[in-house]
Trainee: 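What follows is a single structure, and I will ask about it in a moment.
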Amino acid sequence: MENICIFCKIIGKEIPSTTLYEDDDFKVIMDISPAAKGHAILLTKKHFANIFELDDDTASKALVIAKKVATALKEEFNCDGVNILQNNGEAAGQTVFHYHIHVIPRYYKDSVRITWGQDSYKDGEAEEIAKAIQKRII
Ligand code: 5GP
Ligand code: ZN
């Protein structure tokens with residue numbers, strides 16, 4: 001996987017990128033096709049295809065870095081909000097199968113659209129579903 005992965009190639013400097021943060025575990029780069037100016041993506045230096053492969057230590061460190069980047073974007077652009085989002089699996093919109101987190105500056109009148117339709121639960125259904133999921137959270 002690593003030798004055909006575009007983000008591994010970016011980490012390995014085989015493909016150039018515009019970097020805004022780097023440490024031992026992560027590299028944060030400008031997204032090549034930004035949803036908004038300043039759209040950044042945080043990449044793990046190690047190849048994990050998605051959140052299911054990620055170890056807990058890297059997962060928790062990633063959110064701390066995403067928070068720092070979100071804060072920097074807010075300060076620099078004085079944006080009205082920031083989306084932190086992360087896709088896992090083709091069905092969820094993932095197109096590069098190397099774990100990454102999007103950090104996207106938002107404005108009240110921007111053209112970024114992150115939407116989904118909303119449904120409702122029948123009586124007792126939410127509790128039943130919560131119970132089924134709960135026993136798998138370890
Ligand atoms: P996903 O759809 O997997 O959540 O996000 C992948 C992101 O990677 C997309 O927003 C896409 O624009 C970005 N991307 C894909 N290839 C490259 C690249 O070569 N360089 C950079 N900087 N971003 C890329
Ligand atoms: Zn990779």
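As the structure lists them, so they are numbered: ligands from 1, and atoms in each ligand from 1. Computed from a predicted structure; not experimentally measured.
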Trainee: Any idea which residues sit under 4.0 Å from ligand 1, heavy-atom distances?
Mentor: Ile6, Phe7, Ile10, Ile29, Met30, Asp31, Ile32, Ser33, Ile41, Asn87, Gly93, Gln94, Thr95, Val96, His100, His102
Trainee: NE2 of His98 to CD of Glu53: how many Å apart, nearest 0.5 Å?
Mentor: 10.5 Å
Trainee: Which pair of heavy atoms, one from Ile51 and one from Tyr99, lies closest together, and at what distance?
Mentor: N-CD1, 3.7 Å
Trainee: With rounding to the nearest 0.5 angstrom, report the CD1 to CZ distance, Ile114 to Arg106.
Mentor: 5.0 Å
Trainee: Taking the N/O/S atoms of His98 one by one, which is nearest to the Zn ion (ligand 2)?
Mentor: ND1
Trainee: Does the side chain of Lys45 come within less than 4.5 Å of Asp24's, by heavy atoms?
Mentor: no
Trainee: Main chain of Leu85, side chain of Asn83: is a donor-acceptor contact present, judged purely on distance under 3.5 Å?
Mentor: no
Trainee: With under 30° as parallel and over 60° as perpendicular, where do the rings of His100 and Phe7 fit, or are they tilted in between?
Mentor: perpendicular
Trainee: Taking the Zn ion (ligand 2) as the vertex, what is the angle from SG of Cys8 to SG of Cys5, given to 10 degrees?
Mentor: 120°
Trainee: Any side-chain heavy-atom pair from Tyr21 and Leu42 closer than 4.5 angstrom?
Mentor: no
Trainee: Restricting to N, O or S, what is the name of the atom of His47 that lies nearest the Zn ion (ligand 2)?
Mentor: ND1
